[in-house]
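By convention here, the first residue in the shown sequence is residue 1.
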Amino acid sequence: MVSFESDYTQGAHPRILERFVETNLIPQPGYGFDEYTASAREKIRLAALKPDADVEFIVGGTQTNMVVISTLLKDYEAVIAAKTGHISLHEAGAIEYSGHKVIELPCKDGKLSSKTVREYLADFFADGSHEHMAIPGMVYVSYPTEYGTLYSKAELVALKAVCREYNIPLFVDGARLGYGLASKACDLTLKEFADIVDVFYIGGTKVGALCGEAIVFSNLKKPEHFLTSIKRRGALVAKGRLLGLQFDTLFSDNLYFEISKHAIVMAEKVKDIMAKHGVKFYIDSPTNQQFVVLDNSVLEKLKQKLRFEIWEKADEKHTVVRFATSWATTDEDLIVLDEALSACL
């Protein structure tokens, strides 16, 4: 069955698998001290034009978010996030499990505004009893957001200005960063993105890798003994080459950006197909995640022909669902989508 369920339902890009085979029997040091990981670090620094950036690799997004947040925050600090943010809803309380509260703020289209964050921080520190509360010590956003929307350059700059005012870092979850940067609605280069935010990660799991995320400390010094902190949290991979080799491949010959662009082209075709069939969009997403509203009876019929993600209840008779394209989506998949909608609507 054709799947639009997520952007990590396929394995890995064939070039990555080829390199696994090519390098399989070459002995390498462990824990990220291998030659492939060293090469990946340099290629990422070059792509972001950040020669002094610290780059580390972790297997998955939940571990990455937890490791970064829990190592950068003091034990009494909390992280600010959108109410719809990934760490707010889809991390099974991983951040709270690390001992840090997630402060959820209202958002629009999945995005935090600098005005909302500034007002919250001003009110918080104006409260005479704020020492009895978890102190906000970081702002977390996703690029793209959980609804596939994008922060503009101006919006990120404004958020960064608030963070600078209160001396707290801006951390960006880039699990789908490639798809954000490839979008026609994006007004940022990777370099500009890295210049603005303090720390972010480049998602591999959802963008062609078998697994893996690359943390980039772009305008913030990596915490002391960070490797030790990763290991304490159970996130250090002994065969670090597994991660390094994948990112070394993704950042060779512009592969990461080319396959990200492919997903966006496929998403635009999905939008065209949905519009042709009169399907109502829940939100206007310029990235690889498309959210539509389906009548529940149509949804049940469509589930027999396609895989997609049930997102949230719209009303008693309608449901918001997500269709996600990826680096591996094909034109043949889109033909199946078109035919399935014709049969069910």
Sequence neighbours left out, what passes salt bridge (Lys or Arg N to Asp or Glu O under 4.0 Å) with [X]? Give chain and number order.
X: E96; result: none
X: R322; result: none
X: K191; result: D195
X: E192; result: K153

Check for me, please, whether [X] and [Y] land in the same ILVMFWY cluster - side-chain distances under 4.5 Å, paths through other members count.
X: L46; Y: Y201; value: no
X: L159; Y: V199; value: no
X: L49; Y: L177; value: no
X: L220; Y: M66; value: yes
X: F217; Y: V141; value: no

Determine, for [X] against [Y], whether the closest basic-nitrogen to carboxylate-oxygen distance falls under 4.0 angstrom.
X: D198; Y: K160; answer: yes
X: D52; Y: R45; answer: no
X: E268; Y: K271; answer: no
X: D54; Y: K221; answer: no
X: R15; Y: E18; answer: yes

Report yes or no: does [X] contribute a side-chain atom to a donor-acceptor pair with the main-chain N or O of [Y] at less than 3.5 Å?
X: H262; Y: T329; value: yes
X: S183; Y: G180; value: no
X: S285; Y: G148; value: yes
X: E213; Y: A175; value: no
X: E77; Y: K74; value: yes
X: Q290; Y: T287; value: yes
X: Y151; Y: S113; value: no
X: D333; Y: T330; value: yes
X: E42; Y: A38; value: no
X: T149; Y: T145; value: no

**OP:** For side-chain contact (heavy atoms from CB on, under 4.5 Å), just list the numbers for E35 and S39, CA-CA rounded to whole Å, side-chain angles, deciding distance to a tenth of an Å, and then say yes or no.
**Re:** CA-CA 6 Å; E35 64 180 279; S39 177; over 6 Å; no

Subject >> Of all pairs that satisfy salt bridge (Lys or Arg N to Asp or Glu O under 4.0 Å), the ones with a partner from residues 201-211, not counting sequence neighbours >> reply: none

Original post:
Do any pairs count as a salt bridge (Lys or Arg N to Asp or Glu O under 4.0 Å) and have a residue in residues 101-111, sequence neighbours left out, and if so which ones?
Top reply: K111-E155

Give me the atom names and distance for the closest heavy-atom approach of [X] to [Y].
X: S142; Y: V172; result: C-CG1, 4.4 Å
X: L210; Y: A12; result: N-CB, 3.6 Å
X: P14; Y: W327; result: CD-CZ3, 4.2 Å
X: N288; Y: T325; result: ND2-O, 2.8 Å
X: A82; Y: G110; result: CB-O, 4.1 Å
X: L112; Y: A81; result: CD1-C, 3.9 Å

Validation row: [X], [Y] side chains within 4.5 angstrom (heavy atoms):
X: S6; Y: T9; result: yes
X: N65; Y: Y140; result: yes
X: H130; Y: I135; result: yes
X: L236; Y: Y31; result: yes
X: V197; Y: S218; result: yes
X: K83; Y: S88; result: no
X: V207; Y: L250; result: no
X: V79; Y: L73; result: yes

Subject >> Pair listing, side chain to side chain donor-acceptor pair (under 3.5 Å) test, anchored in residues 224-236, at least two apart >> reply: S70-R233

Subject >> Listed partners of R118 passing side-chain contact (heavy atoms from CB on, under 4.5 Å), at least two apart >> reply: V162, E165

**OP:** Just jot down the side-chain contact (heavy atoms from CB on, under 4.5 Å) partners of D315, sequence neighbours excluded, or say none.
**Re:** K317, H318

Looking at [X], I'd like to know if its [atom1] atom is crowded, meaning that more than 12 non-hydrogen atoms belonging to other residues, nucleotides or ligands lie closer than 6.0 Å.
X: K239; atom1: NZ; answer: no
X: Y8; atom1: OH; answer: no
X: K276; atom1: NZ; answer: yes

**OP:** Please go through I335's hydrophobic cluster and name the other residues, only I, L, V, M, F, W, Y counting, with side-chain heavy atoms under 4.5 Å joining them.
**Re:** none

Original post:
Which other residues belong to the hydrophobic cluster containing V2, where Ile, Leu, Val, Met, Phe, Trp and Tyr are joined when side-chain heavy atoms lie under 4.5 Å apart, directly or via other members?
Top reply: F4, V265, M266, V270, I273, M274, V279, F281, V292, L294, V298, L299, L302, L306, F308, I310, V321, F323, L334, V336, L337, L341, L345

**OP:** Check whether the ring centres of F291 and Y147 lie less than 6.0 Å apart, and answer yes or no.
**Re:** yes

Original post:
What do the steps show when you test Y36 against T23 for side-chain contact (heavy atoms from CB on, under 4.5 Å), and what is the final call?
Top reply: CA-CA 10 Å; Y36 314 120; T23 63; 3.4 Å; yes

**OP:** If the plane angle is over 60° it's perpendicular, under 30° parallel, otherwise tilted; pick one for F193 and Y143.
**Re:** tilted

Original post:
Would you call the rings of F57 and F247 parallel, tilted or perpendicular if under 30° counts as parallel and over 60° as perpendicular?
Top reply: tilted

Original post:
Could you walk me through whether T71 and F226 pass the side-chain contact (heavy atoms from CB on, under 4.5 Å) check?
Top reply: CA-CA 8 Å; T71 54; F226 190 61; 3.5 Å; yes

Subject >> Chi angles and distances behind the salt bridge (charged side-chain N to carboxylate O under 4.0 Å, His left out) call for R19, D248 >> reply: CA-CA 10 Å; R19 287 205 69 199; D248 186 53; 2.7 Å; yes

**OP:** Using distance alone, with no hydrogens and no angle criterion, decide if H100 and D75 have a side-chain donor and acceptor under 3.5 Å apart.
**Re:** no

Subject >> side-chain contact (heavy atoms from CB on, under 4.5 Å) between K261 and Y179, worked out >> reply: CA-CA 7 Å; K261 182 179 179 181; Y179 302 136; over 6 Å; no

Subject >> Under the ring-ring contact (aromatic ring centres under 6.0 Å, His included) test, residues paired with F257 that sit two or more places apart >> reply: F251

